[in-house]
Asks: 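Let me begin by handing over the structure; questions about it come next.
Proteins get letters first, then strands, A, B, ... in listed order; numbering begins at 1 in each. Computed over heavy atoms, backbone and side chain alike; hydrogens, waters and symmetry mates excluded.
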Amino acid sequence: MDIPKTYDPKQAEARHYSRWEEAGFFAPEINRDPHAPVYSIVIPPPNVTGSLHMGHALQHTIMDVLTRYKRMSGYRTLWLPGMDHAGISTQIMVERQLKKEGLTRHDLGREKFTERVWQWKQEYGGQILKQMRREGASVDWSRERFTMDEHLTRAVREFFVRSYEDGLIYHGEGMISWCPKDQTALSDLEVDKEEQKDGKLYYLQYPVKGSDRRVTVATTRPETMLGDTAVAVNPNDERYRDLLGATLLLPIVSREIPIVADEFVDPEFGTGAVKVTPAHDPNDYAMGIRHNLPQVRVIDQHARMTAEAGAEFEGLDRYQAREKVIEKFETFGLLEKIVDYEFSITKCGRCRTVIEPLISTQWFLKQAELGRAPLELVREKHEPRFVPRVPYEKVYTDWLENLHDWTLSRQLWWGHRIPAWYDEEGNVYVARTEEEARVKAGTDKLEQDPDVLDTWFSSALWPISTLGWPDETEDLKTFYPTSLLVTARDIIFLWVSRMMMTGLKFMGERAFDDVFITGTIFDKHGQRMSKTKGNGVDPLEVFDKYGVDATRLVLASIGTTDTRWNDTQVESYRNFANKIWNATRFCLMNSEGASVKSDAFAVERDKLALHDRWILSRLNRTAREVNEFLAKYAFHEAVQTLYHFFWDDFCDWYIELTKAEITAEAASPERDAARSRILTVLEQALRLLHPFMPYITEELWLSLPGVDEKLLHPAYEGAHATIMLASYPQGEEALIDVRAEDEMQAIIDLISRVRNIRSEMNIKPGERVPLLISAADENLRAVFAASTDQIARIARVSEINITEKLDAPRASARAVLGGGAELAVPLEGLIDFAQERERLTKEQAKLKAEAEKLEKQLGNPQFVERAPAEKVEELRQRVADINQRMSALEQNLEAFA
RNA sequence: GCCCGCUUAGCUCAGUUGGUAGAGCACACGCUUCACACGCGUGGGGUCAGAAGUUCGAGUCUUCUAGCGGGCACCA
């Protein structure tokens, strides 16, 4: 027998994945049952530029555990992989590459540049997909999709055209967030607010025309005053009532601007007078429309001042212009004060450049209309079901209640080009193809809109487009709606909500039943992992160090909770994997004449030893619990249950209890039967563990004698043997044996007490001691009697004497057990009476404290009256048991007196 | 400003419907016991952030306070 003592994860990891993939185990077609229930997940498509981080590994683990679990449970299972073209990120990545060659994208031109991006994708993109193989992700690679695939492009155009025809999409002027560095419009979800701790608030004075008065306005952006076209005050503000309708002389540019009244203005803030710059601030833009104010554009797309800002300012950067405006105001004596002021500024979510709000002609989508159906669904039916519901259902609902128009167009080259064409007069034709547009326009002289769509526009279609929409494919019929979406919380708005919108619009059904929001993994100091900080833990390094299976156990346990990453947890699961390895090794070393058998435990109940009935019960109870936990996404609990079943019940107790039988040198039907039983329990345990630990379980499962195709779930008839397709144990209620568990517990307690005595009395591990057991209850005596061999072996006892009443020599260490049992270890010459007295006194004190607490509670008439009768009875039982133990201890102490 | 979450053993975290506080790691002691030292056995360690309330009974429910972390908001 030549099995290494230590499990080497890398070997198993290298061995099985490609085999599984090539055999088609990941594809739903492997399931031959036409009536099989369906389980489907589409992966959140990682960016084509991305590489695996812990967040991905976490999401993938959750998805894979469930997919493998459902597959083993007989479901027709699809986990669909793919990638996102990631417009801006990818374009920037390739531009950076070009820069090294001294080129810009404009040097290449649009067509060549796009080709270059595709080339880049071929060579470097999709790193993450290779890494997913390492994770053991059981995705169906035959259905891999990319958001820029021809078919998905067709879906995008369909979405666009239909929405345009329905009046949901429009082309027009609006106030948008513009990134001066990336040179594109952004949606409000792609920008971040950032606190400006050292911000300043500038108080500027504007002279009133034909008067000595001045009106003071407060602003954080003085440079925009060059584009002011009004000052607004609250209509109820007494201070300015007489100035309503007056004209102000805008300093520097000498423009005459009105004072207007608007409810928006908060009289409490600043001076109660607000400068209005309709071309460069979202609120002012809205106010400008309300009061029909001119829009003077003083800042351009590069965040530099325009000619409109005046000759002195033209070409200046916005911050230089700010300095200059302040200088001027100071010289004019119009700068009232500058105060420190904390506020937030908006930055580009990608490059952190400060956003410039600009008026621009773009394509927009009226999200409010699309959002109505998802909003109703979540309000009325709580669908999709968020896990955890708090706080995400509310977050999602709140957002849907307050939808703004979505800026769709991006001034980029990489992405889905907007399917809109213009004729020479500038009329727009939205169509699925250029041909269609020509027909609509009645001319060939058309020019396509140069812009591309927001990346999230195609992502919004992911669950339906990947399954074939707009065609009515078999996949779409079979796998939609999907069962589950697993993702991080930061894209609930960007993505989750929008998939619900498109799913409901085009399919009339929710995109997924459940939405599982994973926790966030921080570094050990509680800091968010990020590339710029360089504090990220690389999943691949963790895989290398501890193995994929161990890492997956940690990730599955994390589930929805925010966690600080620490290697010690992985290490402990690495040890667990090793434990599984060695337990199997032990079973294999003693497997001659035996095999995994469906009828290994099929003998009359009274012919089966207690420990066999017990492990069978524990196994089935564990299986039931794990199924229940998985049904409610309680991964941590499932992992804990399996861990303790395998380590504590199976290894620490069952193997030890059955060891003598199994390692017997002489072959016998009894030995072979015992060997088959342990193999059979082990085989089931491996299946239960498989969704979490795919590699080690497959590696070991295949090595077990008697394991073959017959163990596969009936749906996979004809497939080669693999644990992946073995049926997941459901746990049989009938095999749960409460009595066996209670009786076994008595044995375990007994052995533990003996071990405790041995340890406290410093008895050498090799030294065997005699043991006296007493129990008034006949049945309990029988239970002990039936297990004397095991007790003797495990507790290292030389001889066991079971009596009705304890009759031990004075020089004995004693202990009391539940159920009125007692034990004594005679230690003539070894025992230190003082020490033993101390030990017993300590134990007595413990019991006494507990008894007092309970008696106090029982002495409370209100408790006895109001608490449920069974609760009261339970306490009485406990008190009785404690009292029994105490009196036994008392007698023991007297023996030493 | 509004909303939400978190605070449990030295560390990382569990604790379902209110009814004797748990795990892993760490720590102490003892073990080359014929699967495993990535192991075995034994043991110590928590007034569950603080306060008040509801209740026979609160880690668990309510309110407030503090600290930390999110999300949202047009306050110039």
Asks: Is any NZ, NE, NH1 or NH2 atom of the basic residue among A/Lys347 and A/Glu194 found under 4.0 Å from an Asp or Glu carboxylate oxygen of the other?
Replies: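 Yes.
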Asks: Distance between the P atoms of B/A52 and B/C48, in whole angstroms?
Replies: 13 Å
Asks: What's A/Pro282 touching, base or sugar-phosphate or nothing? Going by heavy atoms closer than 4.0 Å.
Replies: nothing
Asks: Taking only the side-chain heavy atoms of A/Ser572 (C-beta and beyond), determine which of B/G71, B/C74, B/C25 contains the nearest atom.
Replies: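 Nucleotide nearest to A/Ser572's side chain: B/C25.
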Asks: With respect to the phosphate group of B/C40, does any side-chain polar atom (N or O) of A/Lys579 fall under 4.0 Å of OP1 or OP2?
Replies: yes
Asks: Can you establish whether the number of heavy atoms outside A/Glu767 located under 6.0 Å from its atom CD is more than 12?
Replies: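 Correct, the count exceeds 12.
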Asks: NA contact type, A/Tyr203, heavy-atom cut-off 4.0 Å: base, sugar-phosphate, or nothing?
Replies: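 Nothing, no heavy atom under 4.0 Å.
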Asks: Cationic tip of A/Lys200 within the cone over A/Tyr341's six-membered ring, i.e. under 6.0 Å and within 45° of the normal?
Replies: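 Here A/Lys200 fails the 6.0 Å and 45° test against A/Tyr341.
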Asks: Using a heavy-atom cut-off of 4.0 Å across all strands, would you classify A/Gln527 as base, sugar-phosphate, or nothing?
Replies: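 Counting heavy atoms under 4.0 Å across all strands, no contact is made by A/Gln527.
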Asks: Is the shortest side-chain N to carboxylate O distance from A/Lys853 to A/Glu850 below 4.0 Å?
Replies: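 So A/Lys853 does not pair with A/Glu850 through a salt bridge.
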Asks: Using a heavy-atom cut-off of under 4.0 Å over every strand shown, decide if A/Asp398 touches base, sugar-phosphate, or nothing.
Replies: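 If one applies the 4.0 Å heavy-atom cut-off, A/Asp398 turns out to touch nothing in the nucleic acid.
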Asks: Under 4.0 Å, counting only non-hydrogen atoms across every strand here, what does A/Glu850 touch: a base, just sugar-phosphate, or nothing?
Replies: base
Asks: Hey, does A/Lys394 reach any base, or is it just sugar-phosphate, or nothing, if we go heavy atoms under 4.0 Å?
Replies: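 Answer is sugar-phosphate: A/Lys394 comes under 4.0 Å of backbone atoms only.
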Asks: Report which part of the nucleic acid A/Glu865 touches: base, sugar-phosphate, or nothing (heavy-atom distance under 4.0 Å, all strands).
Replies: nothing
Asks: I'd like to know if the side chain of A/Thr271 and the backbone of A/Ala273 have a donor-acceptor N/O pair within less than 3.5 Å.
Replies: yes
Asks: Which part of the nucleic acid does A/Phe264 contact within heavy-atom distance under 4.0 Å: base, sugar-phosphate only, or nothing?
Replies: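 Since a base atom lies under 4.0 Å of A/Phe264, the category is base.
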Asks: When the distance from CG of A/Asn756 to C1' of B/G44 is rounded to whole Å, what number comes out?
Replies: 13 Å
Asks: Output yes when A/Arg671 and A/Glu665 qualify as a salt bridge under the 4.0 Å nitrogen-oxygen rule, no when they do not.
Replies: no
Asks: What is the nucleic acid contact for A/Lys524, judged by heavy atoms within less than 4.0 Å: base, sugar-phosphate only, or nothing?
Replies: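 No contact at all - A/Lys524 keeps every heavy atom at 4.0 Å or more from the nucleic acid.
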Asks: Under a 3.5 Å cut-off for both contacts, is B/C2 paired Watson-Crick or G-U wobble with anything, and if yes, with which nucleotide?
Replies: B/G71
Asks: How is A/Arg878 classified with respect to the nucleic acid when contacts are heavy atoms under 4.0 Å: base, sugar-phosphate, or nothing?
Replies: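 Result for A/Arg878 = base.
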Asks: Rounding to an integer number of angstrom, what distance separates B/U16 and B/U62 when you compare their P atoms?
Replies: 14 Å
Asks: Which whole-number value in Å describes the distance from A/Glu393 CD to B/C4 C1'?
Replies: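 The answer, rounded to whole Å, is 14 Å.
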Asks: Tell which nucleotide pairs with B/C25, taking only Watson-Crick or G-U wobble pairs whose two distances are both under 3.5 angstrom.
Replies: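 Per the H-bond distance test, B/G10.
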Asks: Using the C1' atom as the reference point in each nucleotide, state the distance between B/G44 and B/G30 in Å, no decimals.
Replies: 15 Å
Asks: Is there a side-chain polar atom (N or O) of A/Trp647 under 4.0 Å from OP1 or OP2 of B/C40?
Replies: yes
Asks: What is the distance, to the nearest angstrom, from the NZ atom on A/Lys632 to the P atom on B/A14?
Replies: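 That distance rounds to 16 Å.
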Asks: Report the residue (A/Lys853 or A/Phe522) whose heavy-atom-nearest nucleotide on RNA chain B is the more 5′ of the two.
Replies: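 First, find each residue's nearest nucleotide; the 5'-ward one identifies A/Lys853.
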Asks: Hey, does A/Cys651 reach any base, or is it just sugar-phosphate, or nothing, if we go heavy atoms under 4.0 Å?
Replies: base
Asks: Output yes when at least one side-chain N/O atom of A/Ser557 is less than 4.0 Å from OP1 or OP2 of B/A14, else no.
Replies: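 Checking A/Ser557 against B/A14: no side-chain N or O falls below 4.0 Å of OP1 or OP2.
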Asks: Please report the distance, rounded to the nearest Å, between OH in A/Tyr7 and C1' in B/C38.
Replies: 13 Å
Asks: For nucleotides B/A21 and B/G45, find the distance between their C1' atoms and express it as a whole number of Å.
Replies: 13 Å
Asks: Taking only side-chain nitrogens and oxygens of A/Lys5, does any of them come within less than 4.0 Å of OP1 or OP2 of B/C36?
Replies: yes
Asks: Could you tell me whether the side chain of A/Arg585 and the main chain of A/Thr6 form a donor-acceptor pair under 3.5 Å?
Replies: no
Asks: Using a strict threshold of under 4.0 Å (side-chain N to carboxylate O), is an ion pair present between A/Arg753 and A/Asp749?
Replies: no
Asks: Side chain of A/Thr563 only, heavy atoms from C-beta on: which candidate in B/U12, B/G70, B/A35 is closest?
Replies: B/U12
Asks: Check the orientation of A/Tyr7 and A/Trp581. Use parallel for under 30°, tilted for 30 to 60°, and perpendicular for over 60°.
Replies: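 Tilted, since the angle between the ring planes falls between 30° and 60°.
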Asks: Indicate, with a heavy-atom threshold strictly under 4.0 Å, whether A/Thr6 touches base, sugar-phosphate, or nothing.
Replies: base
Asks: Taking the side chain of A/Asn575 as its heavy atoms from C-beta onward, which of B/A35, B/C75, B/C38 lies nearest to it?
Replies: B/C38
Asks: Categorize A/Pro868 for me: base, sugar-phosphate, or nothing, with a 4.0 angstrom heavy-atom threshold over every strand shown.
Replies: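 Base, at least one base atom sits under 4.0 Å.
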Asks: If you compare every side-chain N and O of A/Asn402 against the phosphate oxygens of B/C72 (OP1, OP2), does one of them come in below 4.0 Å?
Replies: no
Asks: The side chain of A/Glu760 lies closest to which of these nucleotides: B/G19, B/C13, B/G43?
Replies: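 The nucleotide sitting nearest to the side chain is B/G43.
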Asks: Could you give the distance separating B/C27 and B/C61 at their C1' atoms, to the nearest angstrom?
Replies: 37 Å
Asks: Using atom CD1 of A/Ile655 as one end and atom P of B/C34 as the other, report the distance to the nearest whole Å.
Replies: 15 Å
Asks: If you check every side-chain atom of A/Pro765, which of B/G30, B/C13, B/G24 has the closest atom?
Replies: B/G30
Asks: Need one value for A/Val864: base, sugar-phosphate or nothing, where a base atom within 4.0 Å counts as base even if backbone is also close, heavy atoms only.
Replies: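 Result for A/Val864 = nothing.
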Asks: Any idea which of B/C13, B/G19, B/C36 is nearest the A/Gln857 side chain?
Replies: B/G19
Asks: B/A49 and B/U12: how far apart are their P atoms, nearest whole angstrom?
Replies: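 Pairwise P distance, B/A49 against B/U12, rounds to 15 Å.
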Asks: I need the CD-C1' distance between A/Gln640 and B/U16, as an integer number of Å.
Replies: 15 Å
Asks: Using the C1' atom on both, measure B/G59 against B/U20 and round to a whole Å.
Replies: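 Roughly 14 Å separates the two C1' atoms.
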Asks: Kindly indicate whether the side chain of A/Glu656 and the base of B/A35 share any N or O donor-acceptor pair separated by less than 3.5 Å?
Replies: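 It does, because a donor-acceptor pair links the side chain of A/Glu656 to the base of B/A35 below 3.5 Å.
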Asks: Check the distance between B/C38's C1' and A/Trp581's CH2 and give it to me in whole angstrom.
Replies: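 Taking atom C1' of B/C38 as the reference, CH2 of A/Trp581 is at 14 Å.
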Asks: Is the number of heavy atoms from other residues, nucleotides or ligands under 6.0 Å of A/Glu592 CD greater than 12?
Replies: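 Not more than 12 within 6.0 Å, no.
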Asks: For A/Asp648 and B/G22, give me the distance from atom CG to atom P, rounded to whole Å.
Replies: 15 Å
Asks: Which one, B/G71, B/G19, B/U12, comes nearest to the side chain of A/Asn566?
Replies: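 Minimum distance to the A/Asn566 side chain belongs to B/U12.
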Asks: Which whole number of Å gives the distance between the C1' atom of B/A66 and that of B/G50?
Replies: 7 Å
Asks: Base of B/C38, side chain of A/Arg574 - is there a donor-acceptor contact under 3.5 Å?
Replies: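 Answer is yes: a donor-acceptor pair is held.
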Asks: Side chain of A/Lys871 only, heavy atoms from C-beta on: which candidate in B/G19, B/C13, B/A73 is closest?
Replies: B/G19
